[in-house]
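Following: one structure in structure tokens, then a few remarks.
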Amino acid sequence: MTEEAEPSAAPSRRALLARIGAVAGGAAMYQAMTALGVAAESPYTGPIRLDGDPRGASVLILGAGLAGLVAALELKRAGYRVQVLEYNDRAGGRCWTVRGGDRITELGGETQDCRFDEGHYINPGPWRIPYHHHAVLDYCKRLGVTLEPFVQVNHNALVHGRTAFGGRPQRYRTVMSDYQGGIAELLAKATRQNRLDGMVSREDAEILLESLRSWGALNRDLTYAKSVLTSDRRGFERDPGGGLTARPVPSDPVALKDVLSSRLWSYLATGAIYEFQTTMFQPVGGMDMIARAFAREVGDVIRYNAKVTAIRQDATGVTATVADARGGGQPEQVRADWCLCTIPLAVLAQMELNVSAKMQAAIEAVPYSASVKVGLQFKRRFWEQDEHIYGGISYTDLPIRMISYPSTGYGAAGKGVLLGAYAFGPYAYEFTALPAAERVRRAVEWGAALHPQYREEFESGVSVGWHRVPSNLGCHGMWTDARREEHYDALCALDGRILLAGEHASYIPAWQEGAILSSLDAIGRLHRRVVNA
């Protein structure tokens with residue numbers, strides 16, 4: 001659910017990391033990611049053990065997102081009396097899949113009815129799982145959620161800039177090959193001219209030349225030029241065949257100066273970023289298959305359409321004031337010995353809540369990112385049939401930012417749904433300031449710059465702007481190093497009888513792994529307090 005690029009002049013964290021990777025390589029990018037707290041492998045090593053008798057203690061869990069569902073599952077198994085209050089009429093929170101027949105209601109009351117055909121969907125929130133998010137993968141295994149590969153990098157997908165190459169989309173593979181080949185040729189020439197003396201020994205220089213020839217597909221004279229060798233990377237003008245038409249025709253590389261000025265190289269590092277590296281996964285049938293699996297285990301303790309309006313604690317327990325999220329009825333009080341609150345901070349900050357000044361300051365200190373996704377259904381899978389793009393992501397500097405093709409149903413006849421926009425920051429606000437139908441119309445208009453078939457093949461679409469979703473008011477918590485230093489520990493501390501959990505209470509913001517790990521940490525500390533009391 002994280003951003004991969006942002007159009008603002010000041011680069012986002014993701015955009016900054018992409019640039020570091022593009023210029024200085026993967027090692028430098030990984031070091032930067034570690035320093036920013038987004039690269040460390042998940043520390044999850046296996047199921048939590050809550051040993052000891054809780055002696056009938058009760059826990060009120062606010063929110064049935066993954067953090068709340070994990071807590072409900074583990075605490076219930078450990079012998080606690082558990083209640084879960086969930087604003088929506090479904091479990092999962094941001095772990096959400098929109099299908100045909102679903103209705104989306106935003107702040108202000110505007111509604112969208114999804115008209116996707118059966119079997120098609122879009123994931124407005126999380127849509128992929130990195131291989132090193134061990135907790136998510138383990139719960140999928142334990143709960144019987146079937147996974148399939150999610151294609152992050154497709155060399156046959158497109159990269160596009162409004163002013164690059166006359167606005168004509170380029171294949172990812174050609175830009176990558178020509179960029180690598182041009183850089184390799186420059187460095188090889190510098191090495192041959194002894195300009196690296198003092199930096200590498202003579203023996204290492206020969207090894208370097210050998211590696212550059214291999215990495216950059218350089219010819220014998222250490223040039224990157226039209227040949228079968230370079231076309232094996234960037235693709236042929238005419239592919240090798242059989243019979244009288246078998247002879248391949250090499251393609252013409254683009255000059256390095258043109259690749260550099262296009263700035264399309266800025267998209268190449270995304271697949272090398274640790275959290276996007278192969279292999280990535282997705283649940284078969286939609287991301288909410290994870291939430292549904294949890295709900296099968298703990299659905300009897302979840303109360304849906306329960307809008308929490310106030311949380312009060314005293315020396316013996318916690319009381320939540322609850323109203324029907326659909327309207328009508330009188331507010332009521334729900335009480336338990338302890339409370340685990342997973343409500344997003346953007347919502348929680350607006351509630352009546354008696355916690356310490358430090359925790360209150362922490363809740364109010366973390367702003368939430370705006371983001372928007374637009375799902376589009378087309379009459380046919382033209383990206384496969386016409387352009388041979390099977391899964392993966394195309395990138396553009398247009399406000400839609402990217403197009404992601406479905407990583408399932410390859411070659412299927414009939415209709416298809418793709419992610420037609422995924423924007424953060426100013427573009428997200430621009431999109432969601434528009435009526436829902438206009439957002440979809442513009443996504444189709446801008447997407448046609450990459451795929452002209454959009455105009456004839458489009459059928460229907462839906463959009464979700466996370467800062468307009470009433471239960472969330474934003475995509476994810478936006479920590480800075482300074483905010484973490486001042487507020488993070490207070491946010492995560494057991495404050496009287498209240499604990500917080502969610503992606504905002506983790507060093508893996510915007511990912512389901514962060515939500516799960518924060519929940520496991522919180523209930524582990526709560527359990528120790530209960531059994532040692």
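In this text the structure is predicted, and so the values were computed from the model without any measurement. Numbers here simply count residues along the sequence, with the first being 1.
For Arg497 against Asp337, the heavy-atom pair with the smallest separation is NH1-O, 2.9 Å. Pairing each heavy atom of Val462 with each of Val98, the nearest pair is CG2-CG1, 4.4 Å. Residues Tyr427 and Asp397 share a closest heavy-atom pair of OH-O, 3.9 Å.
Classified by interplanar angle (parallel below 30°, tilted 30° to 60°, perpendicular above 60°), the ring pair His476/Phe424 is tilted. Taking the six-membered ring where tryptophan is involved, the planes of Tyr44 and Tyr139 are tilted, since the angle between them lies from 30° to 60°. By the 30° and 60° cut-offs, the orientation of the rings of Tyr395 relative to Tyr267 is parallel. Ring orientation note: the planes of Tyr454 and His451 are close to parallel, at an angle under 30° on the 30°/60° scale.
Counting heavy atoms of neighbouring residues, nucleotides and ligands inside a 6.0 Å radius, atom NZ of Lys358 does not exceed 12 of them. At most 12 non-hydrogen atoms from other residues, nucleotides or ligands lie less than 6.0 angstrom from CZ of Arg529. In this structure, Arg115 places its CZ atom where only 12 or fewer heavy-atom neighbours from other residues, nucleotides or ligands lie under 6.0 Å away.
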Review item, side-chain donor-acceptor pairs of residues 289-296, under 3.5 Å, at least two apart:
unit_1 : atom_1 : unit_2 : atom_2 : d
Arg292 : NE     : Asp288 : OD2    : 3.4

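A donor-acceptor pair under 3.5 Å is absent between the side-chain atoms of Asp113 and the main chain of Arg103, judged by distance alone.
Side chains of Thr321 and Gln333: a donor on one and an acceptor on the other come within 3.5 Å. Judged by distance alone, the side chains of Tyr368 and His504 do bring a donor and an acceptor atom under 3.5 Å apart. Gln282 and Glu148 form a side-chain donor-acceptor contact under 3.5 Å, judged by distance and modelled atom types alone. If you check the side chains of Tyr172 and Ser394, you find no donor sitting under 3.5 Å from an acceptor. For the 3.5 Å distance criterion, the side chains of Arg439 and Ser463 qualify, holding a donor opposite an acceptor.
Judged as a salt bridge (Lys or Arg N to Asp or Glu O under 4.0 Å), and not counting sequence neighbours, Asp89 has no contacts. For Arg442, the salt bridge (Lys or Arg N to Asp or Glu O under 4.0 Å) partners two or more places apart in sequence, or in a different chain, are Glu438. Here Arg90 pairs with nothing under the salt bridge (Lys or Arg N to Asp or Glu O under 4.0 Å) rule; sequence neighbours left out. Remark: Val530 pairs with Pro54, Ala57, Tyr80, Trp338, Leu526 by the side-chain contact (heavy atoms from CB on, under 4.5 Å) rule, at least two apart or across chains. For Arg483, there are no salt bridge (Lys or Arg N to Asp or Glu O under 4.0 Å) partners two or more places apart in sequence or in a different chain.
A cation-pi geometry, defined here as NZ or CZ lying under 6.0 Å from the six-membered ring centre and within 45° of its normal, does not hold between Arg381 and Tyr405. Judged by the 6.0 Å and 45° rule, Lys307 forms no cation-pi pair with Tyr87.
Between Arg401 and Glu430 there is no salt bridge, since no side-chain nitrogen of the basic residue lies less than 4.0 Å from a carboxylate oxygen of the acidic one.
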Determine, step by step, whether Glu503 and Arg94 satisfy the salt bridge (charged side-chain N to carboxylate O under 4.0 Å, His left out) criterion, reporting the C-alpha distance in whole Å, the side-chain angles of both residues, the deciding distance to 0.1 Å, and the verdict. CA-CA 11 Å; Glu503 56 82 23; Arg94 280 161 281 189; 3.2 Å; yes
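At a threshold of 4.5 Å between non-hydrogen side-chain atoms, the residues Trp466 and Pro124 count as touching.
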